[in-house]
Amino acid sequence: MEEASLLWLLFLTSLLSCTTNQASLTVSPSSSQMFKREFVSLSCEEDDSSAGWTVRRNTKKDTRTQCGDWGTSAGSSCNISSISPLDSGVYWCESREGATSNTINITVTGGSVVLQSPVLPVMEGHDVTLTCRTKTPPSNPTAAFYKDGSLIRTEPTGHMTIHHVSRSDEGLYKCLSSSDGESPSSWISVTGKPTTSAPPTSADSAPPTSAATAPPTSAATAPPTTAASPPDSSSYHLVFTLLRHLVVFCPYCISTVLMVSLYRHRPTGNERPVSMAMTPPTQAEEGLDDGYDDVITAVTTEHHF
């Protein structure tokens, strides 16, 4: 019973230690488009600060560079005091072990209009509000909103809300102000609701792959090739985690096996110990010893004679 308890304890310890920490990247202001010279803060919201999360990015001019090369690091956050169009690219959090977070695409414009849209995918069934923002007052003028190049509608307040978004609402959005011009385009993604049942496998329930809903691939809408999303490091992270746990827990496994082996082979109360006491000599053996002593004495006496 004690052997089973020890083995179960070792198994549970290994299982608990295999859990990986996660982080989520957030940006302030919460928008995928920024005006030039704005202050921007990116933060890694982490489960465990000891994992050493840092912000990295891919842009036209650099690849996988960390915060200290282009911003000011403050723990797991990174601040850009005056962002520029050269800072446009893909940003993410990365731990010391190589684990990565979600990615955020940031577009910096030198123009006068930006479209304020969600930086993360929108949950299916939720509402999403798009805002056409300008540098000059009024900051939210009358604006026309477009999806995939087609006019949706014009809003006098500069805000447009899409109610109960669905997969069909995915696409490339932009806004146009009659007085200040148009904004860059931003891709809005929609994710399905989390379900407790197994995901469907039929072709009818698969995500749409038509050109109307596929992510943009043109140079004007897609991130630059040097600013592609970070490489998938899940396999490397899995290997590093496995090696780390093997190095840490091998000594415990060996010591546990030795303890169990010693426990199983220990002497019990039913085993009789081997006696090392000498049995007393018999009378015949004593007589032989006396005779031998007499012979030795006689030989010695004759020699002296």
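Hydrogens, waters and symmetry mates are skipped; everything else that's a heavy atom, side chains included, is used. The first residue in the sequence is number 1, and the count goes up from there.
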Are Val27 and Tyr91 linked, directly or through intermediate hydrophobic residues, by side-chain heavy-atom contacts shorter than 4.5 Å (ILVMFWY only)?
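In one cluster: yes.
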Can you check side chain to side chain contact (heavy atoms under 4.5 Å, CB included) on Val40 and Met34, steps first, answer last?
CA-CA 8 Å; Val40 178; Met34 311 284 180; 4.0 Å; yes
With a 4.5 Å cut-off on side-chain heavy atoms, are Glu155 and Phe145 touching?
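SC-SC contact between Phe145 and Glu155 confirmed.
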With a 4.0 Å cut-off on N to O distance, would you call Asp169 and Lys147 a salt bridge?
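Here Asp169 does not pair with Lys147 in a salt bridge, since their nearest N and O are not under 4.0 Å apart.
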Are the side chain of Glu170 and the backbone N or O of Val190 linked by a donor-acceptor pair below 3.5 Å?
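Yes.
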Going only through I, L, V, M, F, W and Y residues with side-chain contacts under 4.5 Å, is there a path from Val114 to Ile152?
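They do not share one cluster, since no chain of ILVMFWY contacts under 4.5 Å joins Val114 to Ile152.
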Side chain to side chain contact (heavy atoms under 4.5 Å, CB included) for Leu42 and Leu25? Distances and angles first, verdict last.
CA-CA 7 Å; Leu42 301 111; Leu25 177 64; 4.0 Å; yes
Indicate yes or no for a side-chain donor-acceptor contact from Asn58 to the backbone of Gly89 under 3.5 Å, with no hydrogens or angles considered.
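Not at all, since once roles are kept as given, no pair shorter than 3.5 Å links the two residues.
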Chi angles and distances behind the side chain to side chain donor-acceptor pair (under 3.5 Å) call for His159, Thr131
CA-CA 5 Å; His159 303 277; Thr131 301; 3.1 Å; yes
Path from Val119 to Ile80 over hydrophobic side-chain contacts below 4.5 Å:
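Yes, it is one cluster - the side chains of Val119 and Ile80 are joined through contacts under 4.5 Å.
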Quick one: SG on Cys132 to CG on Leu130, what's the gap to the nearest 0.5 Å?
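Result: 9.5 Å between the selected atoms.
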Atom OG in Ser77, atom CH2 in Trp53: separation rounded to 0.5 Å?
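Here the interatomic distance stands at 14.0 Å.
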Do Leu115 and Val122 land in one hydrophobic cluster if side-chain heavy atoms of ILVMFWY residues count as linked below 4.5 Å?
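Same cluster.
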Distance-only side-chain donor-acceptor flag, Asn79 / Ser41, under 3.5 Å:
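Result is yes, a qualifying pair exists.
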Look at the side chain of Arg57 and the backbone N and O of Thr65, then say whether any donor-acceptor pair between them is shorter than 3.5 Å.
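Not at all, since once roles are kept as given, no pair shorter than 3.5 Å links the two residues.
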For the residue pair Trp187 and Ser117, establish whether any side-chain heavy-atom pair is separated by less than 4.5 Å.
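A side-chain contact under 4.5 Å is absent here.
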Linked, directly or transitively: Ile104 and Ile188 (ILVMFWY side chains, under 4.5 Å)
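Different clusters: Ile104 never reaches Ile188 through Ile, Leu, Val, Met, Phe, Trp or Tyr contacts under 4.5 Å.
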Using a 4.5 Å cut-off on heavy atoms from C-beta on, say whether the side chain of Asp180 contacts that of Thr136.
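Yes, at least one pair of side-chain atoms sits under 4.5 Å.
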Could you tell me whether Glu38 and Arg133 make a salt bridge, using a distance below 4.0 angstrom between a side-chain N and a carboxylate O?
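Looking at Arg133 together with Glu38, the answer is yes, because their closest N to O distance falls below 4.0 Å.
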Among side-chain atoms of Ser43 and Thr26, is any donor-acceptor pair under 3.5 angstrom?
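Judged by distance alone, the side chains do not pair up.
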Once you round to the nearest 0.5 Å, how far does OG of Ser186 lie from CG of Leu172?
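Here the rounded value is 7.5 Å.
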So, do Thr54 and Cys44 sit near enough that their side-chain heavy atoms are less than 4.5 Å apart?
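Thr54 does not reach Cys44 side chain to side chain.
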If every non-hydrogen atom of Lys36 is compared with every non-hydrogen atom of Lys135, which pair is closest and at what distance?
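Heavy atoms of Lys36 and Lys135 come nearest at O-NZ, 4.5 Å.
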Looking only at atom types and distance, does a side-chain atom of Gln33 sit under 3.5 Å from a main-chain N or O of Pro184, one as donor and one as acceptor?
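Yes, Gln33 side chain to Pro184 backbone: donor-acceptor pair under 3.5 Å.
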Side chains of Ile162 and Tyr173: closer than 4.5 Å at any heavy-atom pair?
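Yes - at least one pair of side-chain heavy atoms lies under 4.5 Å apart.
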Distance from Thr100 atom OG1 to Trp92 atom CH2, nearest 0.5 Å?
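So the gap between those two atoms works out to 8.5 Å.
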4.5 Å side-chain heavy-atom contact, Leu86 and Lys61
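Counting from C-beta outward, Leu86 and Lys61 do come under 4.5 Å.
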Ignoring hydrogens and angles, tell me if any N or O in the side chain of Ser88 forms a donor-acceptor pair with the backbone of Val108 under 3.5 Å.
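Indeed, once roles are kept as given, a pair shorter than 3.5 Å links the two residues.
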When you measure from the side chain of Ser73 to the backbone of Gly68, do you find a donor-acceptor pair of N or O atoms at a distance under 3.5 Å?
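Pair absent, no side-chain N/O of Ser73 close to backbone of Gly68.
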Can you name the closest pair of heavy atoms from Ser82 and Asp87 and give their distance?
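Shortest heavy-atom separation between Ser82 and Asp87 comes out as O-OD2, 4.4 Å.
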Using the side chain to side chain contact (heavy atoms under 4.5 Å, CB included) rule, take Tyr146 and Ser185 through it: C-alpha gap first, then chi angles, then the decisive distance, then the call.
CA-CA 9 Å; Tyr146 293 80; Ser185 298; over 6 Å; no
For Glu46, the option from Ser101, Ser24, Ser76 that meets side-chain hydrogen bond (donor to acceptor under 3.5 Å, both in side chains):
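The option that passes is Ser76.
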Please step through side chain to side chain contact (heavy atoms under 4.5 Å, CB included) for the pair Arg64 and Glu94, ending with a clear verdict.
CA-CA 10 Å; Arg64 295 194 75 253; Glu94 187 169 321; 2.6 Å; yes
Any chance you could measure Lys174, atom NZ, to Asp148, atom CG, to the nearest 0.5 Å?
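Lys174 atom NZ to Asp148 atom CG measures 10.5 Å (nearest 0.5 Å).
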Any donor-acceptor N/O pair, Asn105 side chain to Val90 backbone, under 3.5 Å:
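Absent.
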Residues Thr134, Ser177; criterion side chain to side chain donor-acceptor pair (under 3.5 Å); working and verdict
CA-CA 8 Å; Thr134 62; Ser177 169; over 6 Å; no
Would you find a donor on one side and an acceptor on the other, under 3.5 Å apart, between the side chain of Asp127 and the backbone of His164?
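Present.
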Measure the spacing between SG of Cys175 and CD of Gln116 and express it to the nearest 0.5 Å.
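Between Cys175 SG and Gln116 CD, I get 10.5 Å after rounding to 0.5 Å.
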